[in-house]
2 protein chains.
Amino acid sequence: MKRKVTLKQIAKELDVSVSTVSKALRNSKEISLDTRSKVQAFAKLYNYRPNNIALSLKNKRTKTIGVIIPEIVHHFFSKVISGIEKEANNRGYNVIIGLSNESFDKEVINIEMLANGSIDGFILSVAKETLLLQDYHHFYETINQGMPIVMFDRVVNEIACDKVVVDDKSGSKKAVAKLIESGCKNIALITTKDYVNVGKLRTQGYLQALEEHKVEPKSSLIIKVEENKDKEIEIETLEKEISALLDKEKSIDGIFAVNELYAITAMKVAINKGYKIPEEISIIAFTDGVLSKHAIPSLSTISQHAVEMGERSATMLIDKLEEIVEEEKYNTEVINTTLIERDTTR
Amino acid sequence: MKRKVTLKQIAKELDVSVSTVSKALRNSKEISLDTRSKVQAFAKLYNYRPNNIALSLKNKRTKTIGVIIPEIVHHFFSKVISGIEKEANNRGYNVIIGLSNESFDKEVINIEMLANGSIDGFILSVAKETLLLQDYHHFYETINQGMPIVMFDRVVNEIACDKVVVDDKSGSKKAVAKLIESGCKNIALITTKDYVNVGKLRTQGYLQALEEHKVEPKSSLIIKVEENKDKEIEIETLEKEISALLDKEKSIDGIFAVNELYAITAMKVAINKGYKIPEEISIIAFTDGVLSKHAIPSLSTISQHAVEMGERSATMLIDKLEEIVEEEKYNTEVINTTLIERDTTR
DNA sequence: TGGGGCTACGCAAACGTTTTCGTGTTGACA
DNA sequence: TGTCAACACGAAAACGTTTGCGTAGCCCCA
């Protein structure tokens, strides 16, 4: 087993100095052609590759970006990552991943672990617990130490950093408008509690769409789901709530859910009750994923273009790292949503 | 903006040497209690954290493991990653991710990018193209340089390294046996072409189960799907094939598919043709994911315990890195599968 | 023959740590 | 007063690079 070869070893072997080897490999004309080719041949033979860690230390940059997300087993986040990875790789960066599992503590630990020189900057989406606690000291500290952060999707408005968000409100409006225009009169909303920012915004979009179409909102048509660590329980509870809702409000002919899973759950309950979809009840979900695509019937959704979000985030971060954009200038990019019409809408 | 503080700065500020600071922070009794507390207080005040890169260079270990997977927008792989990340974090390691997108070239580039000192070892699942080309030089080179590799799921048998695999054959047998025992007489198989190792093994399991139950296999009941870069097209083609199959072989009363998506596709076609599921046709998929869980009806599956695979892989790699296991000793761990009975089986 | 100007290389510092070894000061004790 | 141990600290090397600068050797020309 031949260990990795270093400049020093090459130097020793060829009886020249380390600096000569280094310069020869970079084809400096300070070194004679003769020596250059000798060194290069030797380096090639032994498959020399400069040690990244040494370079990082010297250059004070790692060419690595840290990504902290709440969870990875989630279509949206994994799509964002694939976008980040693509753009990062194109520009010669690596991606290191930390998962917060929606926990404040894990988010803090992950950030601290990476902030000590391992990476050049962060791309992250804030954990729910953090949003609930509203404790953002770890973000401030990171930024204060000169490490740029790009937040995506779940952002904290009061923090001065780059952000990439989806236009939740207008996305919801799009969805609800579609339902109304296709003839729905009584549209139920399945959303989250208000502390989840995106849920709140999507709720606002729903209300605005109703208003603009002069439909009176009815609070009895809105379910605000209580999050639960155990998704199974959350969904089971939701099933009961939806079932009760459909029993009580017979006039419901449209459902807008703030995510796929809520929508699928609603569809399941409705189908079990014998409703025809989309003839009797139309359904649209925010967030487009595999579930929607392959559901039977396939679900109409609002796509948030997760891959693009990832790409844009990476672009913003790297632009800042490479000083293509001034340090103190923070932007918020809004990614537009698209309505994907499938089989649950008319 | 206060930059990261270093030992040198603390030393200068407190008018002692760098080594004194270092020792004081590690509570060496070589340093007087007085100096120690002074240094520690100062370090705390300025939130000193040792620079990871410098430590990596010094210690010749990065405490980071590289993970190369074919794609991340895939329930199985993201689950494996979450398992890896969990175990790695528990043991103080970071995880850096590379995506091959099933491409040989990207796999090679990713490995080369990370092998130059950035990480201590690899966990990877081989890209399809690599399996097709059977060009494994990049794996050999990596191992030769003393960097351990753990392969999971899609492994190369001929390479001497640790492996974590799922027992594909027995998993398939379990599924097909279940179908037979619940009364199915004519079980169709939807699988991949044979060069995909796991597809091949699962096909073998199907055949063995039939044999053990004295059912004559019929090649007319088997669809071997031609992979396509464009999944849409692949699935569309598959739909037609399944449709033709169901039209031709009216006696089919069970379907076993080597992955969720194939199973869902089959279910879709069957439902459209008016079959009752599971009464007229039972379906089981290899690979358990969101799709199966939330399909309507929910799909019975063979779970491969992806999170556990990730954890085991990480454990094996780290054990080797920390020399808990001898370097030259390679193991192959087999993760057992579990049949999850849902609504597509009787 | 002396000086100037190349050429081709080596030295050393720097990045931020840790650790081994050396050393100056102090105090105790004979 | 001389010796020795203990104490408290500093210097320097090492990890693997890159790069500015110094310089030995040579040739050329006056």
Side-chain angles (χ1 to χ4, degrees), chain A residues 2-40 42-43 46-64 114-120 145-147, chain B residues 2-40 42-43 46-64 114-120 145-147:
Chain A
K2 42 175 188 187
R3 287 266 159 196
K4 291 241 66 174
V5 60
T6 69
L7 287 187
K8 198 192 280 190
Q9 290 164 30
I10 300 183
K12 196 171 174 185
E13 210 69 32
L14 262 49
D15 210 42
V16 292
S17 78
V18 172
S19 33
T20 303
V21 178
S22 175
K23 286 169 187 166
L25 288 176
R26 331 198 100 240
N27 237 323
S28 158
K29 45 194 163 5
E30 218 181 318
I31 307 297
S32 73
L33 244 168
D34 205 43
T35 314
R36 261 188 271 173
S37 45
K38 213 163 32 182
V39 171
Q40 287 170 9
F42 193 92
Y46 281 86
N47 196 27
Y48 169 79
R49 293 275 180 278
N51 180 304
N52 260 332
I53 296 293
L55 286 179
S56 294
L57 183 59
K58 179 122 188 62
N59 300 332
K60 291 169 151 269
R61 56 207 308 253
T62 60
K63 285 241 166 195
T64 301
L114 296 180
N116 304 317
S118 304
I119 60 161
D120 296 339
Q145 289 186 349
M147 182 164 294
Chain B
K2 44 178 183 184
R3 286 267 160 196
K4 291 240 68 175
V5 59
T6 69
L7 287 187
K8 198 192 282 191
Q9 289 164 31
I10 299 183
K12 196 171 174 186
E13 210 69 32
L14 262 47
D15 211 40
V16 292
S17 79
V18 173
S19 30
T20 302
V21 177
S22 176
K23 287 170 190 167
L25 288 177
R26 330 198 98 239
N27 237 322
S28 158
K29 46 195 164 4
E30 217 180 323
I31 306 297
S32 72
L33 245 168
D34 204 46
T35 314
R36 259 189 272 172
S37 47
K38 212 161 40 181
V39 171
Q40 286 171 8
F42 193 92
Y46 281 87
N47 196 28
Y48 169 78
R49 294 275 179 280
N51 181 305
N52 261 332
I53 295 294
L55 286 180
S56 296
L57 183 58
K58 179 120 191 60
N59 300 331
K60 290 169 154 270
R61 57 207 307 253
T62 59
K63 286 243 168 192
T64 301
L114 295 181
N116 303 316
S118 304
I119 60 162
D120 296 338
Q145 289 187 349
M147 182 163 293

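Protein chains get the first letters and strands the later ones, always in sequence-line order, with residue 1 at the start of each.
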A.B. asks: What nucleic acid atoms does B:Thr35 come within less than 4.0 Å of, heavy atoms only: base, sugar-phosphate, or nothing?
C.D. replies: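 Counting heavy atoms under 4.0 Å across all strands, the contact made by B:Thr35 is with sugar-phosphate only.
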A.B. asks: Report which part of the nucleic acid B:Thr6 touches: base, sugar-phosphate, or nothing (heavy-atom distance under 4.0 Å, all strands).
C.D. replies: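 Sugar-phosphate contact only - B:Thr6 comes under 4.0 Å of backbone atoms but never of a base.
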A.B. asks: Is A:Ser28 close enough to D:dT19 that one of its side-chain N or O atoms is under 4.0 Å from OP1 or OP2 there?
C.D. replies: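 No, because none of the side-chain N or O atoms of A:Ser28 sits under 4.0 Å from OP1 or OP2 of D:dT19.
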A.B. asks: Nearest whole Å is fine: how far is D:dT18 P from A:Lys8 NZ?
C.D. replies: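 It works out to 15 Å between those atoms.
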A.B. asks: Of all the heavy-atom pairs spanning A:Asn116 and B:Pro50, show the shortest one and how long it is.
C.D. replies: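 Between these two residues, the closest heavy atoms are CB-O, 3.6 Å.
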A.B. asks: Over how many whole Å does the gap from B:Leu33 atom CG to D:dC9 atom P extend?
C.D. replies: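 So the CG-P distance, B:Leu33 to D:dC9, works out to 10 Å.
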A.B. asks: Please state whether the base of D:dA11 and the side chain of B:Ser19 form at least one donor-acceptor pair under 3.5 Å?
C.D. replies: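 By the distance-only test, yes, there is a pair.
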A.B. asks: With sugar-phosphate meaning primed atoms plus P, OP1 and OP2, does A:Arg49 contact a base, only sugar-phosphate, or nothing at under 4.0 Å between heavy atoms?
C.D. replies: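 Touches sugar-phosphate only.
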A.B. asks: Looking only at heavy atoms, what is the nearest atom pair of A:Lys23 and A:Glu30, with distance?
C.D. replies: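 In this case the closest contact between A:Lys23 and A:Glu30 is NZ-OE2, 3.4 Å.
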A.B. asks: Specify the residue among B:Leu57 and B:Thr20 whose closest nucleotide of DNA chain C lies further upstream toward the 5′ end.
C.D. replies: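 The residue mapped nearer the 5' terminus is B:Leu57.
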A.B. asks: Select one nucleotide: of D:dC15, D:dG10, D:dT18, the one nearest the side-chain heavy atoms of A:Leu55.
C.D. replies: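 Nucleotide nearest to A:Leu55's side chain: D:dT18.
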A.B. asks: Could you check A:Ile31, A:Leu25, A:Leu7 and say which one makes a side chain to side chain contact (heavy atoms under 4.5 Å, CB included) with A:Val39?
C.D. replies: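 In the set A:Ile31, A:Leu25, A:Leu7, the residue that makes a side chain to side chain contact (heavy atoms under 4.5 Å, CB included) with A:Val39 is A:Leu25.
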A.B. asks: Which nucleotide, C:dT17, D:dG10, D:dG20, lies nearest any side-chain atom of B:Tyr48?
C.D. replies: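 Nearest nucleotide to the side chain: C:dT17.
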A.B. asks: Can you tell me which nucleotide in C:dT17, D:dG16, C:dG10 comes closest to the side chain of A:Glu30?
C.D. replies: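 It is C:dG10.
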A.B. asks: When the distance from CG of B:Asn51 to C1' of D:dG16 is rounded to whole Å, what number comes out?
C.D. replies: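 Whole-Å distance recorded here is 15 Å.
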A.B. asks: Taking only N and O in the side chain of A:Ser17, is any of them less than 4.0 Å away from OP1 or OP2 of C:dG10?
C.D. replies: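 Result: yes.
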A.B. asks: Kindly point out which of D:dG16, D:dA11, C:dT18 is positioned nearest to the side chain of B:Arg26?
C.D. replies: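 Of the candidates, C:dT18 comes closest.
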A.B. asks: Looking only at the side chain of A:Leu7 (C-beta and beyond, no hydrogens), which of the listed nucleotides D:dC15, D:dT18, C:dA12 gets closest?
C.D. replies: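 Closest of the options to the side chain of A:Leu7: D:dT18.
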A.B. asks: About how many Å separate OH of B:Tyr46 and NZ of B:Lys4, when rounded to the nearest 0.5 Å?
C.D. replies: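 Those atoms lie 14.5 Å apart.
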A.B. asks: Round to the nearest Å and state the distance from A:Lys4 atom NZ to D:dT17 atom C1'.
C.D. replies: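 After rounding, the reported distance stands at 14 Å.
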A.B. asks: Identify which nucleotide among C:dT19, C:dC9, C:dT17 has an atom closest to any side-chain atom of B:Lys58, counting heavy atoms from C-beta outward.
C.D. replies: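 Closest nucleotide to the B:Lys58 side chain: C:dT17.
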A.B. asks: From NZ of B:Lys23 over to C1' of C:dT18, roughly how many Å is that when rounded to an integer?
C.D. replies: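 Going from NZ in B:Lys23 over to C1' in C:dT18 covers 9 Å.
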A.B. asks: Please report, rounded to the nearest Å, how far the C1' atom of C:dG16 is from the NZ atom of A:Lys60.
C.D. replies: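 Value for this atom pair: 9 Å.
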A.B. asks: Atom CG of B:Leu25 to atom P of C:dG16: distance rounded to whole Å?
C.D. replies: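 For the pair B:Leu25 CG and C:dG16 P, the rounded distance is 15 Å.
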A.B. asks: So which nucleotide from C:dT17, D:dG10, D:dC15 ends up closest to the side chain of B:Val16?
C.D. replies: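 For B:Val16, the side-chain atoms sit closest to D:dG10.
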A.B. asks: Which whole-number value in Å describes the distance from A:Lys29 NZ to C:dC9 P?
C.D. replies: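 Going from A:Lys29 (NZ) to C:dC9 (P), I get 15 Å.
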A.B. asks: List the atom of B:Asp120, the atom of B:Met147, and the distance in Å for their closest heavy-atom pair.
C.D. replies: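 Closest approach of B:Asp120 to B:Met147: O-CG, 3.7 Å.
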